[in-house]
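Just follow the structure's listing: the first ligand is 1, and inside any ligand the first atom is 1.
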Amino acid sequence: MSWPEPVVCVQSLAESGIKTIPVRYVKPPCQRPGGAAMESVEVQRNIPMVDMAKLESAAAVRDMAEACQEWGFFHVINHGISGELMECVKESWKQFFDQPLDLKKQYANSPMTYEGYGSRLGIEKGAILDWSDYFFLNYMPTSLRNPAMWPAFPPSSKKLIEEYGSEVVKLCGKLMKRLSVGLGLKEEYLLNAFGGEEGIGACMRANMYPKCPQPDLTLGLSPHSDPGGMTILLPDHNVPGLQVRKGDNWITIDPIPNALIVNIGDQIQVLSNAIYKSVKHRVIVNSNKDRVSLAFFYNPKSDLIIEPAKELVTEERPALFPRMTFDEYRLHIRKRGICGTSQHEQSLKST
Ligand code: OGA
Ligand code: NI
């Protein structure tokens, strides 16, 4: 399996000073940022906020559960990860992306594993591409970790990735307990379903969205739901870009200083029998500023069967998803690329 066409680095394109973008990046009118009919009907709202320091209270857990039902997304504050560490990690990724192309190409990825530096998802020849580059790496299980593939520049980056990852895993462990309670399940339920602390998988994707001369014609990242368990996004706190689907609208998330953004992925949607929603999101670009974000994907052990919790399956609400391992699900996604309607959504629709 290899890329169907030579891979073009979007950052280099952007820096070449072009005034119009190549047709490969031009989306059909209905998929462009201003393309959805009802865009401005609803007053813009930001996603809910969850304060980790308050999550011992039943009311706060209820609010978080409601955010997962209504939005599938929330900001999290008092998450225990230092602002300094977050800034350092982001800065180190910025420095990596600002390296000459030759150097970055040493990490060029393939669609076999996606590990490394890349500029596209999916292998469909002639596909319309997104306006972004990224670096993808495996973090857990440690047997899949491959620090030889992690950026060697800036020199501190490997250590920062490791340290940031371990902090995010701790945060995810806490969130998993509260998310379980929010479903009326035992606090260990979700983590156990993921294979426990020893079993979980995790990977990271640093996203680079270069400034774009025609931001109205393209997207930084096409609409998708995250296939894994849950995602912790370290956004660019200076440049908005992430949009979340809410009814017929795309809501632009306003980043909050020091906050992280949490979203429910397809696997927790399955385990919760769709009480928690894995919601579509996308990224828009702009003509003034590059944007860098770091997505941390927290996933179930890849060969465990994921299915709706028995406690959440009733006669009125039967199981809405087929039993499937995360490996099986991911294989399906990778063949098809990031776009399109997820299989889970289709099975939801057919019920
Ligand atoms: C992702 C994602 C959003 C962003 O990497 O899956 O949705 O703001 N990223 O970069
Ligand atoms: Ni995503």
Pull out every atom of ligand 1 sitting under 4.0 Å from any heavy atom of [X], numbered as shown with elements.
{"X": "H281", "result": "7 (O)"}
{"X": "S293", "result": "4 (C), 8 (O), 10 (O)"}
{"X": "R205", "result": "1 (C), 5 (O), 6 (O)"}
{"X": "L242", "result": "3 (C), 8 (O)"}
{"X": "A295", "result": "5 (O)"}

Answer with side chain, backbone, both or neither: which part of [X] has a heavy atom less than 4.0 angstrom from an atom of ligand 1?
{"X": "F297", "result": "side chain"}
{"X": "T231", "result": "neither"}
{"X": "R291", "result": "side chain"}

Side-chain donor-acceptor pair present, [X], [Y], cut-off under 3.5 Å:
{"X": "D254", "Y": "N46", "value": "no"}
{"X": "D130", "Y": "S222", "value": "yes"}
{"X": "D133", "Y": "Y209", "value": "no"}
{"X": "Q243", "Y": "T252", "value": "yes"}
{"X": "D226", "Y": "N263", "value": "yes"}

Item to check | Cationic N near anionic O, under 4.0 Å, D102 to K104 | outcome: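 Looking at D102 and K104, the cut-off is not met.
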Checklist entry - Between G80 and E167, which heavy-atom pair has the shortest distance, and what is it? => result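 Taking every non-hydrogen atom into account, O-OE1, 3.8 Å.
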Answer with yes or no after comparing the ring centroid distance for [X] and [Y] against a 6.0 Å cut-off, counting only values under it.
{"X": "F297", "Y": "Y139", "answer": "no"}
{"X": "F135", "Y": "W93", "answer": "yes"}
{"X": "W150", "Y": "Y117", "answer": "no"}

Checklist entry - Tell me, which protein N/O/S atoms are under 2.8 Å away from the Ni ion (ligand 2)? => result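 Result, waters dropped: H224 NE2, D226 OD1, H281 NE2.
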Checklist entry - Is the shortest distance from a heavy atom of H224 to ligand 1 less than 4.0 Å? => result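 Contact check H224 vs ligand 1: positive.
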Item to check | Heavy-atom gap Y134 to ligand 1 smaller than 4.0 Å | outcome: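 Y134 does not count as a contact of ligand 1 under the 4.0 Å cut-off.
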